[in-house]
2 protein chains.
Amino acid sequence: MLETIEEKCQKNGVKLTDQRRIIARVISESKKTYGESDHPDVDELYNRVSQIDSKISIATVYRTVKLFEEAGILTKHDFKSGKARYELNDDHNHLIDIKTGEIIEFVDQEIEELQKKIADKYGYKLVDHKLELYGIKKK
Amino acid sequence: MLETIEEKCQKNGVKLTDQRRIIARVISESKKTYGESDHPDVDELYNRVSQIDSKISIATVYRTVKLFEEAGILTKHDFKSGKARYELNDDHNHLIDIKTGEIIEFVDQEIEELQKKIADKYGYKLVDHKLELYGIKKK
DNA sequence: AAAATAATGATATTAATTTTCAATTTCCTT
DNA sequence: AAGGAAATTGAAAATTAATATCATTATTTT
């Protein structure tokens, strides 16, 4: 199974406070609770976190999300709309329905390898990648 | 060779005013003048445009860039930093050096086809895509 | 040329994110 | 365990990118 956020924090020397632990938990549970295509923005995270501890400020959510991102725990997405959206760092890619905004996640080994090969060709070691496909549903 | 922005505007029914023509020219010349990895943000475009006609307001640059984007003439990128950055619409992808911020553009037919295939697999027709590779230079 | 429509410049507004700062909590050092 | 340094937090202010407003100017249409 995957490491928990807590484990990743330990490994990266990120200190876990009560607030951060709650935020981590909310993120960890987001897909389980809200479905596979859940990519909450900071406001949404703040709402969910507030239900657990209403004392936590939105500034802390912003700070924590940034901290986790820098530690490689979360991935930040911009997609189309203004707000940044977050999810656990994972190697999957996104297929976005441009009509409905629905997000389908997929992993494709062939693409992964091709990407490494391309970076290599230019003399780079691949450390991160982002692939977004925008499509319209066929009937 | 590639169509000029003016031609694309005609084809898309986008009216070209003096201001828009100047902005188009600045964008067209950006890579020639500033190198292949030039991806100016609105501020930078505004600076360059101002040197040609200092009367043009930044609001017009914002409006024009949005107009061109909607007409499929420009592509907007978010990369890492906050500001959106623009370039002529083209099918290439980006390899970004996470140390230096250097941007290398590449096209890869194999990846293009794989992307279509994946969208297809999920029942989608691919209309747009974005691939960003983040890497570190090998020695 | 007059009326209608669209585009522009200057400025105000909005929305997301970051920063500030005083108060609290955690971490060391003894 | 106590005291002081360092880090974290909440609340609010500040910043920033982008959009909207509105009076003026330019372009079409008739």
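Protein chains get the first letters and strands the later ones, always in sequence-line order, with residue 1 at the start of each. Bear in mind the structure is a predicted one, so any value in this text is a computation, not a measurement.
- Using a 4.0 Å cutoff on non-hydrogen atoms, the parts of residues 48-57 of chain B near DNA chain C are B:Lys55, B:Ile56, B:Ser57, ordered by number.
- Distance, A:Asp43 CG to C:dT14 P: 17 Å, rounded to whole Å.
- The distance from atom OH of B:Tyr46 to atom P of D:dA17 is 14 Å, rounded to the nearest whole Å.
- Atoms CD1 (B:Ile22) and P (C:dA7) sit 17 Å apart, rounded to a whole Å.
- B:Ile103 and A:Tyr124 are assigned to two separate hydrophobic clusters, defined by single-linkage of ILVMFWY side chains at heavy-atom distances under 4.5 Å.
- A close approach under 4.0 Å does occur between a side-chain nitrogen or oxygen of A:Thr60 and OP1 or OP2 of D:dG10.
- A side chain to side chain contact (heavy atoms under 4.5 Å, CB included) with A:Pro40 holds for exactly one of A:Val65, A:Ile27, A:Val26, A:Leu45; it is A:Leu45.
- Going from atom CG of B:Leu16 over to atom C1' of C:dT8 covers 15 Å, rounded to whole Å.
- As rounded to whole Å, 12 Å separates atom C1' of C:dT17 from atom CG of A:Asp41.
- OP1 or OP2 of D:dG10 has at least one side-chain nitrogen or oxygen of A:Gln19 nearer than 4.0 Å.
- Residues that satisfy the salt bridge (charged side-chain N to carboxylate O under 4.0 Å, His left out) test with B:Asp41, not counting sequence neighbours, are B:Lys83.
- Between the CZ atom of B:Arg20 and the P atom of C:dA6 there is a distance of 12 Å, given to the nearest Å.
- Each of B:Lys130, B:Glu132, B:Glu112 was checked for a side chain to side chain contact (heavy atoms under 4.5 Å, CB included) with B:Asn93, and the lone residue meeting it is B:Glu112.
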Task: From CA spacing to verdict: side-chain contact (heavy atoms from CB on, under 4.5 Å), A:His39, A:His94 - done: CA-CA 11 Å; A:His39 295 77; A:His94 295 99; 3.0 Å; yes
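- Of the possible polar contacts, one joining the B:Asp53 side chain to the B:Lys55 backbone as a donor-acceptor pair under 3.5 Å is found.
- A:Phe106 and B:Tyr122 have tilted rings, their planes meeting at an angle from 30° to 60° on a 0 to 90° scale.
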- [ ] Using a 4.0 Å heavy-atom cut-off, write out nucleotides 18-30 of chain D from 5' to 3' as B (base contacted by protein), S (sugar-phosphate only) or - (no contact).
- [x] BBBB---------
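- The pair B:Glu105-B:Lys31 meets the salt-bridge criterion, with a side-chain N (NZ, NE, NH1 or NH2) lying under 4.0 Å from an Asp/Glu carboxylate O.
- A distance of 3.5 Å separates OG1 in A:Thr64 from CD1 in A:Ile23, rounded to the nearest 0.5 Å.
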